[in-house]
Colleague: 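The structure is given below, and queries will be raised subsequently.
Position 1 is the first residue of the sequence, and the numbers go up from there. All heavy atoms count here, side chains included; hydrogens, waters and symmetry mates do not.
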Amino acid sequence: MKSSFWTDFKNFAMRGNVIDLAVGVIIGGAFGKIVSSLVADIIMPLLGVLVGGINFTDLKWVLKAPREVDGVEQAAVTLNYGNFLQTTFDFLIIAFSIFLFIKLVTRLTEKRKAQAQAQAQATAPAEPSAEVKLLTEIRDLLKAQESTPSK
């Protein structure tokens, strides 16, 4: 019996990976906004003060000055490289922040795995030493000799 399109879609959408991805995208978007605000509102003004009071978002190269044609003012044609610098700083800081976050999560995950392994080793019975194994073999051989009749 064929399943319907909606049933297939529901099964796909409710799969754990898809929901995890959706949550990650939403949190990532919010995190991106926070970091963009950090860069635009805190870091870039401080950097601008350090380099002489420059506002990076206002930096532009005017290719063609504004002019008036037939009573209508035409806007200037500019290359807004300051905005590009702002976006580049945003990207670098977001990428670095995500790197640090992933490194932290990886470290915590490795600690949990190590703790779980240590706990598993502590609860597992210790393997007998080589001497104990040898003595057990000798005991078993002696018992086997006692149980077999002599000729």
Colleague: Where do T7 and S4 come nearest, in terms of heavy atoms and distance?
Modeller: OG1-OG, 2.9 Å
Colleague: Of L100, I98, L92, which is the lone residue that meets side chain to side chain contact (heavy atoms under 4.5 Å, CB included) with F96?
Modeller: L100
Colleague: Given the rule in the side-chain contact (heavy atoms from CB on, under 4.5 Å) test, do E127 and K133 qualify, once you have shown the distances and angles that lead to the verdict?
Modeller: CA-CA 9 Å; E127 188 168 318; K133 286 181 184 178; 2.9 Å; yes
Colleague: Parallel, tilted or perpendicular for F5 and F9, by the 30°/60° rule?
Modeller: parallel
Colleague: Hydrophobic cluster membership, with links at side-chain heavy-atom distances under 4.5 Å among I/L/V/M/F/W/Y: are V72 and V69 in one?
Modeller: no
Colleague: Pair L79, L63 - check side-chain contact (heavy atoms from CB on, under 4.5 Å), show working.
Modeller: CA-CA 7 Å; L79 286 177; L63 299 175; 3.9 Å; yes
Colleague: Start with the C-alpha gap between L141 and K143, add the side-chain angles, then the distance that decides, and say whether side-chain contact (heavy atoms from CB on, under 4.5 Å) holds.
Modeller: CA-CA 5 Å; L141 286 172; K143 280 186 181 179; over 6 Å; no
Colleague: If you group Ile, Leu, Val, Met, Phe, Trp and Tyr by side-chain heavy-atom gaps below 4.5 Å, do L50 and I42 land in one group?
Modeller: no
Colleague: Measure the spacing between NZ of K60 and CG of N83 and express it to the nearest 0.5 Å.
Modeller: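 With rounding to 0.5 Å, NZ (K60) is 10.0 Å from CG (N83).
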Colleague: To the nearest 0.5 Å, tell me how far K111 NZ sits from Q115 CD.
Modeller: 8.0 Å
Colleague: State, yes or no, whether a side-chain contact exists between F89 and L47 at a heavy-atom distance under 4.5 Å.
Modeller: yes
Colleague: Calculate, to the nearest 0.5 Å, the distance between atoms CD and CD belonging to E68 and Q74 respectively.
Modeller: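 Interatomic distance, E68 CD to Q74 CD, rounded to 0.5 Å: 10.0 Å.
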Colleague: Assess, by modelled atom type and distance only, whether the side chains of T109 and T106 contain a donor and an acceptor separated by less than 3.5 Å.
Modeller: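 Side-chain D/A pair, T109 to T106: absent.
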Colleague: Between CZ of F99 and CG of L104, what distance do you get to the nearest 0.5 Å?
Modeller: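 So the gap between those two atoms works out to 11.5 Å.
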Colleague: Can you check whether I93's main-chain N or O pairs, donor with acceptor, with S97's side chain at less than 3.5 Å?
Modeller: yes
Colleague: Nearest 0.5 Å, what's the CD-CG distance between Q86 and N80?
Modeller: 12.5 Å
Colleague: Do F84 and T88 come close enough that some side-chain heavy atom pair is under 4.5 Å?
Modeller: yes
Colleague: Taking atom CZ as the centre, does R112 end up with more than 12 heavy-atom neighbours from other residues, nucleotides or ligands that are less than 6.0 angstrom away?
Modeller: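 No, not enclosed.
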Colleague: Answer yes or no: is there a donor N or O on one side and an acceptor on the other, between the side chain of S37 and the main chain of I34, under 3.5 Å?
Modeller: no
Colleague: Please round to the nearest 0.5 Å and tell me the distance separating atom CG of L134 and atom CZ of R139.
Modeller: 12.0 Å
Colleague: Would you sort out whether V105 and F101 count as a side-chain contact (heavy atoms from CB on, under 4.5 Å), showing the intermediate values?
Modeller: CA-CA 6 Å; V105 168; F101 180 73; 3.8 Å; yes
Colleague: Determine the minimum heavy-atom distance between V132 and T136, stating which atoms define it.
Modeller: O-OG1, 2.7 Å
